[in-house]
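Predicted model, so just to flag it, every value in this text is computed and none were measured. Proteins get letters first, then strands, A, B, ... in listed order; numbering begins at 1 in each.
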There are 2 protein chains.
Amino acid sequence: MPKYVNIYHELAQRIQEGTLPAETKLPSETELMHEFEASRGTVRKAIDALQEKGFVRKHQGKGVFVLSQEAIEFQFNGIVSFSEAHRRMGRHTVETDVLSCEVLSASAELASLLHVAQGTDVTRIERIRQIDGERVIRDINHFVTALVPGLTTDIAQGSIYQYIEETLGRQISYAKRKIEARPATMEDQERLDLHDMTHVIVVTNDTYFYEGQHFERTESRHRLDKFQFTDIARR
Amino acid sequence: MPKYVNIYHELAQRIQEGTLPAETKLPSETELMHEFEASRGTVRKAIDALQEKGFVRKHQGKGVFVLSQEAIEFQFNGIVSFSEAHRRMGRHTVETDVLSCEVLSASAELASLLHVAQGTDVTRIERIRQIDGERVIRDINHFVTALVPGLTTDIAQGSIYQYIEETLGRQISYAKRKIEARPATMEDQERLDLHDMTHVIVVTNDTYFYEGQHFERTESRHRLDKFQFTDIARR
DNA sequence: AAAGATTTGTCCGTATGTATA
DNA sequence: CTATACATACGGACAAATCTT
């Protein structure tokens with residue numbers, strides 16, 4: 001592991017333990033150089049990483065200050081899958097039913113959305129998520145089969161992202177999200193326990209690999225009262 | 001301006017102009033060193049910034065590759081105010097009515113949310129946003145008065161963030177957002193044109209200064225069919 | 001108010017390691 | 001195996017912002 005990563009971990013740990021409390025100043029770069037027997041550039045790289053992750057804030061001429069723990073806890077933005085998201089919340093029963101998992105030929109519309117040629121093989125997966133016994137989320141995934149081969153019902157039952165990253169060894173880079181409310185369709189009413197709610201919240205997700213290939217478009221349809229999205233925006 | 005920023009701007013411009021098209025490789029660090037008469041570290045810092053902004057992707061041993069224009073256009077995440085957001089969308093009439101702008105004493109609940117002592121002065125602003133003549137958004141802001149002094153109805157009519165950054169000269173660092181659907185309250189029904197819609201989408205926003213001070217909590221209540229949120233998540 | 005010390009920001013040059021072609 | 005390209009690390013110099021004397 002690179003030296004600056006070790007320094008980063010060491011400092012991050014001190015901050016999380018409280019050895020370096022919020023509002024206090026980090027040792028100066030010169031002091032850290034001596035403590036870790038590293039060059040100034042290496043120490044600076046570690047501190048830059050700490051700032052990137054929201055642990056500290058640098059001020060020219062003043063020093064480096066530890067930010068509040070609260071700011072640090074909010075690092076769980078990024079791409080969050082359904083199961084990841086609910087593990088964080090309170091105790092809930094979560095169950096996934098895979099309704100279908102099939103390879104089909106991309107229509108003109110879908111091909112355009114996924115940036116592939118019409119007729120390209122696409123794997124379509126439809127899943128229902130039950131929380132505490134109620135069917136409240138309906139996920140419809142479309143994967144470019146050539147980029148994400150070997151999908152099965154079994155995999156869809158668990159975490160598809162885990163399969164992509166660990167089994168296929170591909171790295172996910174970024175996702176574009178759109179969140180909006182839409183009138184519930186007939187299919188939504190059939191497959192979800194909507195009670196008398198007339199709308200659903202639709203989260204449209206386009207996900208890209210590190211190399212920039214667009215490999216997925218997913219529509220996630222949520223019952224109004226079971227939807228929540230949390231996020232942190234930096235600038 | 002620092003040298004690496006100049007190099008960054010120059011390369012970013014070439015990418016946006018198409019002089020460096022997507023999928024192609026950037027000149028190597030050695031070549032850029034000669035072209036810009038800069039050291040390797042300086043060139044690397046510029047390239048790192050390009051990658052941070054989503055223009056390029058670095059690959060050890062291979063080179064630096066320009067990403068698609070589409071990926072680049074999606075840089076407008078971050079903290080987006082109402083008026084900024086609608087300038088981007090199509091042609092719409094947007095009007096803001098300031099219902100109230102008053103300083104009050106923080107209740108126990110509000111004080112806890114804003115991390116201040118109970119009884120601290122808080123400026124409360126309530127605004128209605130009309131799009132194409134329909135009242136569809138209701139914003140309720142709470143600012144810590146000591147941190148954001150001098151707010152008036154006139155300022156609330158325009159952009160409060162612009163006032164904070166330009167007039168007060170303070171830098172906004174990050175915002176925590178929560179998006180969820182809630183049953184419409186009586187006040188929502190009075191002050192918005194909800195027609196028969198029973199729910200609103202509530203965006204709760206907590207905003208922090210660069211120094212880490214929590215200065216604002218805002219609730220933005222949207223009519224279901226006029227809400228849309230777009231965002232890009234990197235990891 | 002001015003001078004000096006401290007701390008972070010930028011830039012340079014060099015050397016070596018690691019992944020890829 | 002060799003060459004290329006990016007990654008890491010070191011050391012030194014000066015600039016800019018801030019704090020102390």
Whole angstrom value for the distance that separates P of dT6(C) from NZ of Lys25(A): 12 Å

Output yes when Glu219(A) and Arg217(A) qualify as a salt bridge under the 4.0 Å nitrogen-oxygen rule, no when they do not. no

Tyr8(B) OH - dT10(C) C1' separation (whole Å): 18 Å

Round to a whole Å and report the spacing from CD of Glu29(B) to C1' of dT20(C). 14 Å

Please determine, by modelled atom types, if Glu109(B) and Ser107(B) share a side-chain donor-acceptor pair under 3.5 angstrom. no

Mind listing the closest non-hydrogen atom pair of Thr96(B) and Arg129(B) along with its distance? OG1-NH1, 3.0 Å

Can you name the residues that form a side-chain hydrogen bond (donor to acceptor under 3.5 Å, both in side chains) with Thr42(A), not counting sequence neighbours? Ser39(A)

Would you tabulate the pairs of protein nitrogen or oxygen atoms and nucleotide nitrogen or oxygen atoms of nucleotides 11-15 of chain C closer than 3.5 angstrom?
unit_1  : atom_1 : unit_2   : atom_2 : d
dC11(C) : OP1    : Lys3(B)  : N      : 2.2
dC11(C) : OP2    : Tyr4(B)  : N      : 3.3
dC12(C) : OP1    : Lys3(B)  : NZ     : 2.6
dC12(C) : OP2    : Ser39(B) : N      : 2.7
dC12(C) : OP2    : Ser39(B) : OG     : 3.1
dC12(C) : OP2    : Thr42(B) : OG1    : 2.7

If you look at every heavy atom in Val66(B) and Leu26(B), which pair is closest and at what distance? CG2-CD1, 3.7 Å

Is a donor on one side and an acceptor on the other found under 3.5 Å between the side chain of Gln213(B) and the backbone of Leu147(B)? no

Arg44(A) atom CZ is separated from dT10(C) atom P, nearest whole Å, by 7 Å

For the pair made of CG in Leu50(B) and P in dC6(D), what is the distance, rounded to whole Å? 13 Å

Ignoring hydrogens and angles, tell me if any N or O in the side chain of Thr120(A) forms a donor-acceptor pair with the backbone of Ala106(A) under 3.5 Å. no

Would you mind reading off the distance between Ile47(B) atom CD1 and dC6(D) atom C1', rounded to a whole angstrom? 9 Å

d(CZ, Phe65(B); C1', dA5(D)) in whole Å: 10 Å

Quick one: CG on Asp154(B) to SG on Cys101(B), what's the gap to the nearest 0.5 Å? 9.5 Å

Can you find a side-chain donor-acceptor pair between Asn141(A) and Glu216(A) that sits under 3.5 Å? yes

Looking at DNA chain D, which of residues 56-64 of chain A put a heavy atom within less than 4.0 Å of it? Gln60(A), Gly61(A), Lys62(A)

Taken to the nearest whole Å, CG/Asp48(B) to C1'/dT10(C) is 15 Å

